[in-house]
Amino acid sequence: MARSASTGRSASAARGASTDVLIAGAGPVGLTLAAELRRSGVSCRIADRLPARLPYAKAVGIQPRTLELFDRMGLVRDVLDAAVPMRGQLTYVNGAEQGRIELVLPPEVPYGFAALPQYETERVLEEFLGRFGTRIERSTELVAFAQDPVGVTSRLRSSSGGEEEVRSRFLVGCDGAHSVVRKALGLTFEGGAFPEEYMLADVEVGWGLPPGYGVRSMHRAEDGTIDDLLVCIPLPGEGRYRMSMLVPPELSADRPASGDGVAHGLEGGTTPALADIQKVLDRLAPEPVTASALRWSSVFRISHRLVDRYGEGRVFVAGDAAHIHPPTGAQGMNTGVQDACNLAWKLALAVEGAADPGLLPSYDAERHPVGEEVVGRTVRHAAEGVQADPTDLETLLLREAQLLVGYRESPIVSPLPPGDEAVLRPGDRAPDCGGLTGDIAAYPVRLFDLLRGRGHVLLVYGHHPAGDTPGDLASAARELTGGRMETCRILPADAPPDEATGVPHHHDSRCEFARQYGVEEGAAFVVRPDGYLGACLRPPTVGQLKETLGRVFAW
């Protein structure tokens with residue numbers, strides 16, 4: 001059946017648009033979105049009201065799933081070179097150690113937990129984006145926009161007072177908790193605020209605690225409540241930590257919420273001094289220690305809110321513009337990066353006129369439930385600790401690492417046939433595996449090495465006596481997607497080389513692919529650009545593939 005994308009290119013849109021996508025906000029989320037769009041050949045502009053990156057270590061945790069996405073993009077090496085490992089957490093109550101959590105993941109997960117100041121994450125992303133000739137338009141803010149059936153007209157204002165009208169096919173608000181895009185779009189932002197105020201500080205300490213471990217030290221009152229708190233996250237540099245603690249009464253102030261009623265983030269006014277930080281360390285540090293080298297400090301407040309929907313028409317929100325919550329478990333920025341990766345490939349297909357009409361609405365269908373779960377979980381953990389979720393440690397770590405995020409209920413993934421009890425299902429994260437050997441390279445590679453830098457990929461496993469041939473599947477994948485899908489073939493360890501199909505292949509020499517993907521005979525998997533499975537085909541046929549791709553591509 002022929003299809004047409006309602007948000008695809010048209011002659012009038014092409015003549016009237018000055019860019020394909022306008023992005024408001026150049027934090028990690030906006031930069032990730034811009035980089036993914038440019039990798040796909042989509043033009044974009046990215047504007048930010050700030051004149052430069054803020055030198056604050058706000059979001060510092062980089063989750064394993066985010067590193068996987070950075071790997072797919074091709075910038076993970078730069079991130080790893082700048083970051084430090086997060087090896088675990090030490091917990092103390094009233095000065096007594098309560099044990100430690102070791103942040104150890106299953107061996108097939110390619111990356112561990114990492115810590116990196118937000119400004120460094122932004123630097124890496126900005127430099128990567130610059131490779132595509134795209135620069136941040138600093139000291140420039142979005143002040144208004146209006147959308148119509150074929151595009152969005154936005155008004156940008158520079159710090160000098162000059163204004164510019166920009167025509168784009170789409171607009172994305174990555175402009176934070178006080179998002180102009182969210183407000184103008186009329187999205188609700190329901191939630192509340194925590195009454196406590198916190199101090200943040202970037203300092204150095206010379207204690208003897210093992211490097212790479214976060215520290216959570218609390219004082220429990222006689223009634224069982226926690227009335228004093230110190231949290232330390234390691235940063236690059238010897239003895240350097242981002243510390244957070246409750247604001248003492250002498251620094252607390254009746255600060256009203258901003259004009260939109262959202263009390264979240266760094267606040268102006270009184271700035272904590274090194275002496276204020278030292279007082280908390282004197283009370284709660286696991287051992288006597290002196291803080292030094294204060295790089296910056298601030299007071300901040302926490303809210304928890306979620307939009308009612310992630311967009312409308314040609315305008316979308318992502319990151320803090322869509323969801324804010326406690327920093328527990330370093331979920332916020334990482335969730336926003338996943339928002340960006342989910343939306344980018346869908347926008348790219350829409351810009352090209354290759355998207356099924358249901359593709360862009362799937363952004364809300366897939367990401368809103370994730371935002372809802374993250375907000376609820378982090379609020380519980382902030383109030384009760386991670387023990388609020390009674391689960392085994394491995395599952396807890398996988399969830400915190402964002403490796404359990406999935407889209408099994410998504411309208412654009414193909415459901416499994418009734419009775420199929422496969423553990424790996426459409427909508428799940430496509431797992432990595434090692435030990436893949438080719439016929440030319442003398443070394444084994446990982447599956448993620450084969451996926452790096454690619455868009456949609458069809459992974460074809462084994463021989464297919466009950467299905468169509470790998471060559472037929474590869475040809476259909478190219479034709480149905482207009483050449484946008486590549487095919488990789490994985491052969492069992494003992495299978496002979498098969499050059500006849502013309503499909504590049506690797507041998508599963510350690511049987512890791514078969515184990516991770518739960519296959520013993522012919523199968524195929526559609527891997528989306530964001531690293532999630534669009535379909536699991538057992539046995540694979542061209543008809544099944546066409547049905548799967550018809551949920552995404554227009555033809």
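FYI, side chains are in, hydrogens and waters are out, and symmetry mates aren't considered; it's all heavy atoms of this structure. We count residues from 1, following the sequence as given.
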Legend entry - Centroid separation Y532 to Y407 less than 6.0 Å: yes
Legend entry - Cation-pi check, R182 onto F189 ring (under 6.0 Å, within 45° of axis): yes
Legend entry - Test of ring centre spacing under 6.0 Å for Y363 and H368: no
Inset, instruction - Give a yes or no on this: more than 12 heavy atoms of other residues, nucleotides or ligands lie within 6.0 Å of atom CZ of R452. - result: yes
Legend entry - Under 3.5 Å: donor-acceptor pair, side chain of R305, backbone of E190: no
Legend entry - Centroid-centroid distance, F525 to Y517, less than 6.0 Å: yes
Inset, instruction - Indicate yes or no for a side-chain donor-acceptor contact from D432 to the backbone of P110 under 3.5 Å, with no hydrogens or angles considered. - result: no
Legend entry - Criterion side-chain contact (heavy atoms from CB on, under 4.5 Å) against P426, the qualifying member of I412, T548, V526, V413: V413
Inset, instruction - Return yes if some donor-acceptor pair links the side-chain N/O of T66 with the main-chain N/O of I62 below 3.5 Å, else return no. - result: no
Legend entry - Presence of salt bridge, E137 and R45, under 4.0 angstrom: yes
Legend entry - Salt bridge E486-R454, side-chain N to carboxylate O under 4.0 Å: yes
Legend entry - Lys/Arg N to Asp/Glu carboxylate O, R131 vs E127, below 4.0 Å: no
Legend entry - Heavy-atom donor-acceptor pair, D228 side chain to H219 backbone, under 3.5 Å: no
Inset, instruction - May I ask you to decide if P272's main-chain N or O and S297's side chain share a donor-acceptor pair within less than 3.5 Å? - result: yes
Legend entry - Summary of ring-ring contact (aromatic ring centres under 6.0 Å, His included) pairs that have at least one residue in residues 98-120, sequence neighbours excluded: none
Legend entry - Main-chain N/O of G61 paired to N334 side chain as donor or acceptor, under 3.5 Å: yes
Inset, instruction - Flag the pair R425 and D428 as a salt bridge only when some basic side-chain nitrogen lies within less than 4.0 angstrom of an acidic carboxylate oxygen. - result: no
Inset, instruction - Validate the cation-pi geometry between R100 and Y213: distance from NZ or CZ to the six-membered ring centre under 6.0 Å, angle to the ring axis within 45°. - result: yes
Legend entry - Side-chain donor or acceptor of E141 paired with backbone N/O of D48 under 3.5 Å: no
Legend entry - Heavy atoms of other groups near E108 CD, more than 12 under 6.0 Å: yes
Inset, instruction - Check whether more than 12 heavy atoms from other residues, nucleotides or ligands sit under 6.0 Å from atom CD of E97, and answer yes or no. - result: yes
Inset, instruction - Report yes or no: does E287 contribute a side-chain atom to a donor-acceptor pair with the main-chain N or O of G208 at less than 3.5 Å? - result: yes
Inset, instruction - Would you mind checking if D364 and R309 are paired as a salt bridge, meaning a charged N to carboxylate O distance below 4.0 Å? - result: no
Inset, instruction - Answer yes or no: is there a side-chain heavy-atom contact under 4.5 Å between W296 and P55? - result: no
Inset, instruction - Answer yes when R429 and E68 have at least one side-chain N-carboxylate O distance shorter than 4.0 Å, and no when they do not. - result: yes
Legend entry - Flag, side chain of R301 to backbone of E196, donor-acceptor distance under 3.5 Å: no
Inset, instruction - Please determine if R377 and E400 form a salt bridge, counting it only when a charged side-chain N lies under 4.0 Å from a carboxylate O. - result: yes
Legend entry - Exam field: side chain R72 to backbone L451, donor-acceptor pair closer than 3.5 Å: yes
Legend entry - Check: F128 ring centre within less than 6.0 Å of F132 ring centre: yes
Legend entry - Test item: P411 and P361 side chains (from C-beta on) under 4.5 Å apart, heavy atoms: no
Legend entry - Electrostatic pair R53-E126, nearest N-O below 4.0 angstrom: yes
